[in-house]
Amino acid sequence: ELMFFVGPEQTPVSARVKTLEDGYLPVLSYTIVHLGIEYRFTTFSASLGKAQSPGPVVNLMRVTVKNSAIRPRAAFLTTAVRYQAEQSTESPLGDNRFRRPIADTGVGQFHQPGELFSKKWVYNYHGNAFLRDGRALYLFPTQPEPRLSLTLRSHYNRAPSLSPTMLDIEPTTPTGAAAYTVMLAPGESRTLDFCMPLEPIASGTPEFAALNAARFDDAHLSVIAFWREIVGRGMAITVPEAKVNETFRASLVYDLLALN
């Protein structure tokens, strides 16, 4: 899972309330303010197939940082990935997480992709990609130039090695960190786009080329058009209460997502 941290102290981002685009479309957004800088996160899933036809599924994320102050400020944003979330219950899983992998037993049966955690995985960077055993876990922007490290933090006074490394880490350890310092004039905003495949994609394959070519704005337009067309096929119910209309349509979308 992809993690975000903000501020010079790399405070983990955790937003309890998230908003659906237009009240029902599966594009989530949330905003936090940290040390006077606004960080707006927008994320959704899309297929790399044309017009959302079957293909590798990716998660696209855009972070917009904005300086609302009257003086120049710096925004600090860090990303990293971990195998699973922290565990605070008797369950061996991360809190509020699904067990994985789970193979389906037939058409329409539950399927959860993934693989078991291994301490023998080898991690490294390749261009704008963070790789595990030669497969891309996520892509990150190279401008502004990030400070990279194989783990979120390392021992003091040691220059982090970026060569392929077998890390002695736990499932909850953040890896593949990319730390950005974004200088912002008063009122200025900038965006940083990230892309994470549902299942890691091998470097040097046509699927990796498609992943690297994916663009947030193009995929966003495609996903919105796809879901509006599907919802538009069904029965329309309109009542004076906008929230009721949005809830009805959101229920249709999430029922269809569950069937997928």
Side-chain angles (χ1 to χ4, degrees), residues 1-46 57-69 73 75-100 112 114 137-138 140 152-153 170-180 182 184 189-196 198 216 219-220 223-224 227 241-258 260:
E1 35 187 69
L2 187 61
M3 308 174 69
F4 290 97
F5 306 82
V6 295
E9 301 300 323
Q10 297 178 323
T11 303
V13 171
S14 178
R16 184 170 179 270
V17 178
K18 302 176 179 67
T19 303
L20 297 173
E21 186 164 329
D22 292 344
Y24 74 99
L25 295 167
V27 178
L28 297 173
S29 64
Y30 55 94
T31 301
I32 66 169
V33 177
H34 185 78
L35 299 179
I37 298 293
E38 179 182 293
Y39 299 82
R40 180 170 178 80
F41 298 82
T42 304
T43 182
F44 60 91
S45 297
V57 175
V58 298
N59 302 296
L60 295 109
M61 292 132 288
R62 169 168 289 177
V63 184
T64 302
V65 293
K66 182 178 180 181
N67 176 20
S68 299
R73 301 285 295 274
F76 299 92
L77 178 74
T78 302
T79 58
V81 291
R82 64 184 178 186
Y83 179 79
Q84 73 173 24
E86 299 288 345
Q87 172 194 349
S88 62
T89 69
E90 74 281 0
S91 170
L93 305 175
D95 291 349
N96 305 309
R97 300 303 193 270
F98 291 104
R99 181 166 58 89
R100 69 185 192 279
Q112 186 69 29
L137 291 180
Y138 84 105
F140 52 87
L152 181 63
R153 297 184 178 90
E170 298 302 318
T172 55
T173 304
T175 61
Y180 298 87
V182 185
L184 298 169
S189 62
R190 291 187 65 176
T191 61
L192 297 94
D193 293 343
F194 303 85
C195 188
M196 184 179 193
L198 177 64
F216 183 96
H220 179 244
V223 165
I224 293 303
W227 283 107
E241 181 66 43
K243 189 64 177 178
V244 175
N245 299 326
E246 294 170 355
T247 301
F248 172 69
R249 287 180 291 188
S251 297
L252 294 176
V253 170
Y254 278 90
D255 281 344
L256 291 168
L257 283 170
N260 244 0

Can any side-chain N or O of [X] pair as donor or acceptor with the backbone N or O of [Y] at less than 3.5 Å?
X	Y	answer
Q87	S91	yes
R249	G23	no
Y39	L77	no
S189	V65	no

Do the side chains of [Y] and [X] get nearer than 4.5 Å, heavy atoms only?
X	Y	answer
T173	E170	yes
V223	W227	yes
L25	L20	no
V81	M196	yes

query = Can you name the residues that form a side-chain contact (heavy atoms from CB on, under 4.5 Å) with T42, not counting sequence neighbours?
reply = V27, S29, R40, F216
task = Please list, chain by chain and in numerical order, all residues satisfying side-chain contact (heavy atoms from CB on, under 4.5 Å) with Q112, sequence neighbours excluded.
result = F98, R100, I102, F110
Residue pair [X] / [Y]: nearest heavy atoms and the distance that separates them:
X	Y	value
P92	Q84	O-NE2, 3.9 Å
M61	N59	CE-O, 3.0 Å
A80	P174	CB-CB, 3.8 Å

key: Pairwise salt bridge (Lys or Arg N to Asp or Glu O under 4.0 Å) hits with a residue in residues 80-96, at least two apart   = E1-R82
inquiry  = Among residues at least two apart in sequence or on other chains, which ones pass ring-ring contact (aromatic ring centres under 6.0 Å, His included) with Y30?
reply    = F41
How many angstroms lie between atom [atom1] of [X] and atom [atom2] of [Y], to the nearest 0.5 angstrom?
X	Y	atom1	atom2	value
R73	L184	CZ	CG	10.0 Å
T247	L252	OG1	CG	11.0 Å
T79	F140	OG1	CZ	7.5 Å

key: Qualifying side-chain hydrogen bond (donor to acceptor under 3.5 Å, both in side chains) pairs with a residue from residues 15-26, counting only residues at least two apart or across chains   = E21-H220, D22-R228
Do any side-chain atoms of residues 2-14 form donor-acceptor pairs under 3.5 angstrom with protein atoms, and if so which ones, sequence neighbours left out?
unit_1, atom_1, unit_2, atom_2, d
Q10, NE2, T78, OG1, 3.3

query = Would T43 and L60 count as a side chain to side chain contact (heavy atoms under 4.5 Å, CB included) if you check the C-alpha gap in whole Å, the side-chain angles of each, and the deciding distance to 0.1 Å?
reply = CA-CA 6 Å; T43 182; L60 295 109; over 6 Å; no
